[in-house]
Structure formats: structure tokens, C-alpha cells
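For reference, the structure is listed below as C-alpha cells.
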Amino acid sequence: MDRYIKVRGMHDILPDDVLKWQFIEKVLTETVKHYGYKEIRTPLVESRSLFERSIGSESDIISKEIYAFKDRKGRDIALRPEGTASVVRAFIESGMCAEKKVFRLYYYGPMFRYDRPQKGRYRQFYQFGIELFGSEHPFFDGEVVTMLHMIVNKLKLQKYYFLVNTLGCLKCKNRYSDIIKEYLSARENYLCDDCKRRIITSPLRILDCKNPDCKQTFSGAPVIGDVLCNDCKEHFKAFEEYLKLNNVPYKVDPYLVRGLDYYTRTVFELYVGGEENAIAAGGRYDKLVQQLGGPDIPAVGFAIGMERLISLVKYSPSQIPFFYLACIGKEAKLKGAIMINELRNEDIAVETDYEEESLSSHLKMANKTGANWCIIIGEDEIKRKEFIVKNMLSGHQITIPFNNYINRIKELLK
RNA sequence: GUGGGUGUAGCUCAGUGGAUAGAGCACUGGACUGUGGCUCCAGGUGUCGGGGGUUCAAAUCCCCUCACCCACCCCA
């Protein structure tokens, strides 16, 4: 019989690791709740076209990495490769978008991309993200980055910084895109094959290319800052001001563009500990709600890659103190069957093993499970109407009478 | 999609053509039938990833294949 192994790109989170995940999840959710964010839960499955329209059909995420298939009725559906599209869809569909106010939403869950797995990258991976709808004020851009900054501080991460840039509003972005297209068309022969194709499909992405020849080629090209309208310039300036006021460490990278088509104006990425990969990234998407059939509502958000974040966080798990119940003999086992549930009913953690027969093997088991105390009940104890509690660390033992024993046990926990 | 590395016991890994394939940890039993950890003794640890080939002889060399890891692309 062949053993089953996990499907490529999938991973288990085993019990010891779950404690770390839960710790980080708690830091994340509690932080964003203090900023006024409320959780939204959307399906893992959406219409394929939702992602095509939001992220962009030409993007790598859609063209190469989407988990898409037809269901039994022939509908084109896809596993979500990111969270924003679904949240925007729900924001519109639920009617939340009708109310004129700022909405702050957060989400958490698995995303799917058909990538080649490697360090910090999985086909099913977890993202924690936030979206803020209803204002294009640049201080909101600053606020979400500052919140991210607070999160990395709370998790005690070292050596981190933000890369920020602006792509301009839709007009500026398109104008700049045309300028780049024109500039690079004349120099097409110096570009890599991918970038030659991108001249037509997504010229801005060429700025992000790591190929040295491409870098050299566009190094003389105009930067976005040169062609922005006044509003966009002011927007970015105010955003930077907000970051400075809150001591957020950042660098402007005029070549920072994002792999998703929907971004406008502010974009940013968070790098930690000299890692190559960003652990969080986001930006503003002022026209996405409208593009997906909703009203003209601006928004800004980010997503954190959980696996990448978790690999950088130091955490030493602490277990709640608990008892191991050792019952020897039939009488004792019956007494123990009552006591163990009386204790658990008082929220006192107790483990036992019904199979073990000798005191020696019970104590071995208590030791193995890491119990703080072992409660010992044998025939002698039944006769004397009292039982033994052994401290597993010191070896010290005390006896406690069966009547009103709960309070004595509780004293040990203090 | 491209390139590189690695697959041997439950886990971490030795073993580069030669005998019945090894170590540590873990596991099971015993020394120790009412006191765990420590020590000592004994014991399974096995399709050497799978298939084919070369050879008197293959974990070892060759080919194919699969899986995992790393890097590129891209992304979080």
C-alpha cells in the first residue's frame, strides 16, 4: 500500500506550529480591530472572470497561476488567488457600498496560486489582508502603512523597511504607460523576450524586470514623478508626510510597480530581515469598485503573506498547566472517571490514559505528556479516602482528601 | 515554464562497485510488580523513491521516471 503524501504545493500546519500561528493571528486581528476593522469572510471560490477583470487577464497571476476549472454545470470558476477581488465583490453585492462612510474590512484565509513551490511559497498559502473603502485622502494610505508598521513592531521583527511609490491616478498611469511604451519601443532590441511582449501588454511591468539589460535600457527613461498631475503629486507628498510623522522607515522606489492591474497612486511593499521576498504589499485601487460594477468608491489595502511572516517571527510556546490522572485498580478507575470530569468542568486541564495499569507506567506517561502534576489514585487511596498529587518537576507529593478536593487543586494552579 | 541539488530505519543522516546495509534520536521490552526523568541490557527498525540497463556483483555506475528542496520567472 503506497503512502499518501500531500499534494504538491500544499502543506500541513502541525500542532506545535499552530500555537505560533494562533499567536500571530491574535496580534494581527487585535491590532486591526483597534483601527476599526471588521472581519469579512468570503468564499474561496469565485467566478473566474471576477479575477480576470480585477487583477488583469494579462497578469502572471491570471495567465499562468490561476487554479481555474469548470463546475458540473460548465461555469468557469476559480480558487481565489488573492483576497481583494472577493472583498470588493461582496462590498458591492451586499449593498455596503451604498452607505457613504469609510468602511474598514479585514480578511484571513487560504489563497491559491499554481506556482512552483519553493521557500516561503506554496500553492495554498494564507493571507491576512485589510481593505479601506470610501476615501481617497492620502492620510488613509499613510494609516494602513503605519498600521502595518505597528504590526511588525508588535511581532518584534528586526531590520524592516517599506518601499513606496506612486503609479498616479488612472490618467497619469495611462499617460506614463504610453510614455514608457514609446521610449522602450525604440529600444526594443535591448530588452529580454518577456519585456518585448510586455511593451504591448503591460509596459509598466518592464520597470520591475530584474534583467540587467532591461534595467540598463529603462534607466534613462522618464520616472513617474516627472509626469504626475498636481493632484497625484500632492497625494504622494501627503502620504510621505504621514509616514514621516509616524516614524515609519521607508524608501521611495520609482521602479516599484505591482503585479496586479488594479493599483492606482500609492503602492508599497514591506521587507523584513534582508529577505528577498516582500512579506506584505498593497496599495490604492481607486477605480476597482467601479470597474467591478459598483459606484465610484476609492479604496486602499494590503495583504500579508502569513507563511513568510511566520518564518520571521520568534515565538516560544507556553502551554497551560495541566494534570495527569493515574488510576491503579478497578475501584480507582471508577473514582477517576468521575473526578476527571469534575475537574474539567471547573476548567482544569486533565489528561489520562485508561490503558495503563501500573503506577510506574502511569508516571512514565505523565512525564511524556509534560504534565505539571500527577494525581495518583490506587487501592490504598480509595481506602483512606484521599489521593496523592505529585509535582512532576520537584517530585514533591501531597495528599488531598476526596471531599472538597477541587479547591485544593485550584490552589496548586495559583 | 527554465536551471541546480537531494531521495537509505518513524526522524536526522553515514555508507562512492564487494560479504547478512549502519549511527544517533525516537520506539518496545527487561533490570525496576506503588513512584516518572537518569543509567545499563536486549530487540523490529529497511521495496536503499520507482522502473529499466551495465556487471560475476549495484544503495554505489548509466538511462528514464516520480517526489521533495533551492534558485530564476513571478509573487505574498
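In the text below, chain A, chain B and the rest are named by the order of the sequence lines, each starting its count at 1. These values consider heavy atoms only, across backbone and side chains, with no hydrogens, waters or symmetry-generated copies.
Among the protein residues, A:G129 comes within range of no part of the nucleic acid, since none of its heavy atoms lies under 4.0 Å from any strand. If you check every strand for non-hydrogen atoms under 4.0 Å, A:Y122 touches a base. Using a 4.0 Å heavy-atom distance criterion, A:L393 is classed as a base contact. A:E82 comes within 4.0 angstrom of no nucleic acid atom, judged by non-hydrogen atoms across all strands. Note on A:R80: nothing from the nucleic acid sits closer than 4.0 angstrom, heavy atoms only. Nucleic acid contact class of A:I279 (heavy atoms, under 4.0 Å, all strands): sugar-phosphate only.
In this entry the distance linking CG of A:D261 with P of B:C75 reads 10 Å, nearest Å. Between the CG atom of A:L270 and the C1' atom of B:A76 there is a distance of 11 Å, rounded to whole Å. Rounded to an integer number of Å, the gap from A:K64 NZ to B:C72 P is 14 Å. When rounded to the nearest whole Å, the span between CZ of A:R123 and C1' of B:C68 equals 12 Å. When the P atom of B:C11 is taken as reference, atom CG of A:L14 falls 13 Å away, rounded to whole Å. Rounding to whole angstrom units, CZ of residue A:R8 and P of B:G49 are separated by 19 Å. Computed from coordinates, the A:I5 CD1 to B:C66 P distance equals 13 Å when rounded to whole Å. Atom CD1 in A:I61 sits roughly 12 Å away from atom P in B:C74 (whole-Å rounding).
Nearest-nucleotide positions on RNA chain B for A:Y114 and A:A278 put A:Y114 closer to the 5' end. For A:R205 and A:K6, each mapped to the nucleotide of RNA chain B holding its nearest heavy atom, the one lying further toward the 5' end belongs to A:K6.
B:G36 makes up no base pair with any nucleotide shown, lacking Watson-Crick or G-U wobble contacts both under 3.5 Å. Figure legend. B:G43 is base-paired to B:C27; pairs are counted as Watson-Crick or G-U wobble with both atom distances under 3.5 Å. When Watson-Crick and G-U wobble pairs are counted only if both distances are under 3.5 Å, B:G22 pairs with B:C13.
On a pure distance criterion of 3.5 Å, no polar donor-acceptor pair joins the side chain of A:R116 and the base of B:C70. One can find a donor-acceptor pair under 3.5 Å joining the base of B:C74 and the side-chain atoms of A:R121. Residue side chain A:E357 does not reach the base of B:U33 through any donor-acceptor N/O pair under 3.5 Å, judged by distance alone. One donor-acceptor pair, N or O on each side, does fall under 3.5 Å between the base of B:C75 and the side chain of A:N277.
The residues A:R265 and A:D141 are annotated as not salt-bridged, no charged nitrogen and carboxylate oxygen being separated by less than 4.0 angstrom. In this structure, A:K119 does not pair ionically with A:E307, as no charged nitrogen and carboxylate oxygen lie closer than 4.0 Å. A salt bridge does not link A:K364 to A:E356: none of the charged side-chain nitrogens sits closer than 4.0 Å to a carboxylate oxygen. A:E143 and A:R104 are joined by a salt bridge, as a carboxylate oxygen and a charged side-chain nitrogen come within less than 4.0 angstrom of each other. We find that A:E381 and A:K383 are not joined by a salt bridge, their nearest charged nitrogen and carboxylate oxygen being 4.0 Å or further apart.
Among B:A67, B:A76, B:A71, the nucleotide with an atom closest to any side-chain atom of A:Q127 is B:A76.
Remark: aromatic rings of A:Y160 and A:H149 are close, center separation under 6.0 Å. Checked against the 6.0 Å centroid criterion, the rings of A:Y250 and A:Y161 do not qualify as a close aromatic pair.
Under the rule for a side chain to side chain contact (heavy atoms under 4.5 Å, CB included), the partners of A:E386 that lie at least two apart in sequence or sit in another chain are A:R384, A:T399.
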Just list the side-chain donor-acceptor pairs under 3.5 Å for residues 76-83 of chain A, sequence neighbours left out, or say none.
| unit_1 | atom_1 | unit_2 | atom_2 | d |
| --- | --- | --- | --- | --- |
| A:D76 | OD1 | A:K70 | NZ | 3.2 |
| A:D76 | OD2 | A:K70 | NZ | 3.4 |
| A:R80 | NE | A:P110 | O | 2.8 |
| A:R80 | NH1 | A:T42 | OG1 | 3.4 |
| A:R80 | NH2 | A:P110 | O | 3.1 |
| A:E82 | OE1 | A:T84 | N | 3.4 |
| A:E82 | OE1 | A:Y262 | OH | 2.6 |
| A:E82 | OE2 | A:T84 | N | 3.4 |
| A:E82 | OE2 | A:A85 | N | 2.9 |

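Annotation: proximity of residues 358-392 of chain A to RNA chain B (heavy atom, distance under 4.0 Å) is found for A:L359, A:S360, A:L363, A:K364, A:N367, A:K368, A:I376, A:G378, A:E379, A:D380, A:E381, A:I388, A:K390, A:M392, numbered in ascending order.
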